[in-house]
Amino acid sequence: MSGKADPRAAGEGTTSRTRLDRGRGALGPALELVHTGRAPTRAVLTAELGVTRATAGAVAAELEALGLIRVDARPGAAAGSQGRPSHRLSIAEDGPVALAAQVHADGFRAALVGLGGRIVATAPGCEVVDADPAKVLASVVETGAELLRETGRRCVGAGLAVPSAVAEPEGLALNPLHLAWPAGAPVRRIFAEQVRAAGIAGPAFAANDVNLAALAEHRHGAGRGARDLLCVATGHRGVGGALVLDGRLHSGSSGLALEVGHLTVNPDGRPCYCGGHGCLDVEADPLAFLRAAGREPGPEVSLLQQSYDLIRDHYADPAVRTATETLVDRLGLGLAGLVNILNPDRIILGGLHRALLDAAPERLRAVVADRSLWGQSGGVPILPCGLDHNSLVGAAELAWQPVLDDPLGALT
Ligand SMILES: [Zn+2]
């Protein structure tokens, strides 16, 4: 018997390496399945990848060796509905993180985000956003570097969310008007320089905040499983939109698609900085809501927070209710136009628009149904965004992408 045992033990390593050679191409897809919660067990992973059990086992073991996931083989740990219990797969609790940063009209926030879209640590910074992007980005990167020092986590890279269209391939913030940054500021280059200067390893990325929110929601939140996902959201000022098609952001030929803020929803409305009148951007954002409710926006907390507070605490006030309905009607008109053009299978709303949906869901669905061909009879589900800080989680997705594409190449 011992004569058989030795060659088998020697062969085990060779076989497993051969299996991994065959399975190396499956490492990225496997990690993405665990990352997005679609492979909770090794049995599901095997089925989803369409490989042998042995290959799936080698792939899972390699991802565990890279410190990315945990393979739990304890009996009874698995939740297989039939047959033998399978090893449970989860994100490694102490694995690497991405540094995520978000700048908005009222300040910034930094976070460390692990696989699975998990926010490991986060810190806000509230300040008057400086007109010089380099100063703001230095502050937010320093806040992130401090979080990395505190947690001692390995960093795979950094992502930045900005409230502006970001032109590709240069990474220029074209219209950061609510920030008073110069139009066309090279935010990706500046962010990358700050990240390097802070001694943080890995590549650096930047993109529009609503695009990133949509990406995060598609992978981890209310957009999971949607094919053509439309996301419309307010940040602290203005209105943004994004479309995720077959799991990828539709960003247009140069990154500027889905500039939904300049749809006209009130022809007699207030002038917009784009030169038009009554755009969604100036008719359905937190500032428009506060004004419609007859409230003078105060400087204490963000416009978004003041709007949330008003809807939550003062909805019985007729002025607040009327303002809510006015904004719901304007938003519904904008969504109806988008439904006709894009034919999404799901719409998710974020920021103030989420609060409007929560306050008057039937009214919003009725406006969209009345005004759109494809939205009739409530044909398109309209749901609230589900993640806290989805733009930050999306910014982290950018930094995670090289690891998801090639775990071995990115981490060794
Ligand atoms: Zn406009």
Side-chain angles (χ1 to χ4, degrees), residues 104-107 124 126 163 177-178 209-210 213 222 230-241 260-273 277-338 347-372 375 378 381-391:
H104 52 72
D106 299 303
C126 239
L177 294 181
H178 302 304
D209 52 5
V210 177
L230 172 66
C231 175
V232 174
T234 63
H236 294 243
R237 291 288 306 279
V239 173
V260 306
H262 302 287
L263 282 170
T264 305
V265 293
N266 181 14
D268 304 321
R270 56 175 60 93
C272 178
Y273 57 84
H277 279 264
C279 296
L280 203 55
D281 214 74
V282 290
E283 298 286 340
D285 80 340
L287 182 61
F289 175 70
L290 293 171
R291 283 179 173 157
R295 300 305 207 268
E296 203 46 54
E300 320 76 42
V301 291
S302 74
L303 299 175
L304 187 57
Q305 191 58 50
Q306 291 175 58
S307 303
Y308 287 154
D309 293 346
L310 210 50
I311 292 179
R312 191 189 58 226
D313 301 333
H314 301 279
Y315 199 62
D317 178 341
V320 174
R321 182 181 292 254
T322 303
T324 302
E325 291 175 354
T326 302
L327 262 77
V328 161
D329 292 351
R330 292 174 187 165
L331 172 63
L333 204 54
L335 291 179
L338 291 167
I347 298 172
I348 56 172
L349 301 178
L352 175 63
H353 294 167
R354 179 194 164 143
L356 295 173
L357 173 66
D358 289 343
E362 295 316 315
R363 188 181 182 100
L364 181 61
R365 293 191 176 107
V367 178
V368 176
D370 286 350
R371 300 294 193 126
S372 63
I382 304 177
L383 304 174
C385 283
L387 301 174
D388 291 333
H389 303 304
N390 50 16
S391 294

Within a strict 4.5 Å, meaning less than it, do heavy atoms of the [X] and [Y] side chains meet?
X: Arg363; Y: Glu325; result: yes
X: Leu364; Y: Leu356; result: no
X: Pro286; Y: Gln306; result: no
X: Leu331; Y: Leu349; result: yes
X: Ser391; Y: Val210; result: no

Give, for atom [atom1] of [X] and atom [atom2] of [Y], the distance between the pair rounded to the nearest 0.5 Å.
X: Ile311; Y: Leu352; atom1: CD1; atom2: CG; answer: 5.5 Å
X: Thr324; Y: Phe289; atom1: OG1; atom2: CZ; answer: 4.0 Å
X: Arg237; Y: His104; atom1: CZ; atom2: NE2; answer: 13.5 Å
X: Ile348; Y: His353; atom1: CD1; atom2: NE2; answer: 13.5 Å
X: Thr234; Y: Leu280; atom1: OG1; atom2: CG; answer: 10.0 Å
X: Asp285; Y: Leu303; atom1: CG; atom2: CG; answer: 8.0 Å

Is the side chain of Thr264 donor-acceptor paired with the backbone N or O of Pro267 at a distance under 3.5 Å, no angle test?
no
Donor-acceptor pair, distance only, cut-off 3.5 Å: does the side chain of Asp281 make one with the backbone of Val239?
yes
How close do [X] and [Y] get, counting heavy atoms only, and between which atoms?
X: Leu333; Y: Val265; value: CD2-O, 3.4 Å
X: Ala336; Y: Val368; value: CB-O, 4.0 Å
X: His277; Y: Gly269; value: ND1-O, 3.2 Å
X: Pro384; Y: Ala222; value: O-CB, 3.3 Å
X: Ala319; Y: Arg295; value: CB-NH1, 4.5 Å
X: Cys385; Y: Cys231; value: SG-SG, 4.4 Å

Is it true that, when you exclude Arg371 itself, more than 12 heavy atoms of the residues, nucleotides or ligands shown sit nearer than 6.0 Å to its CZ?
no
Whether Tyr273 and His262 hold their rings parallel, tilted or perpendicular, with breakpoints at 30° and 60°
perpendicular
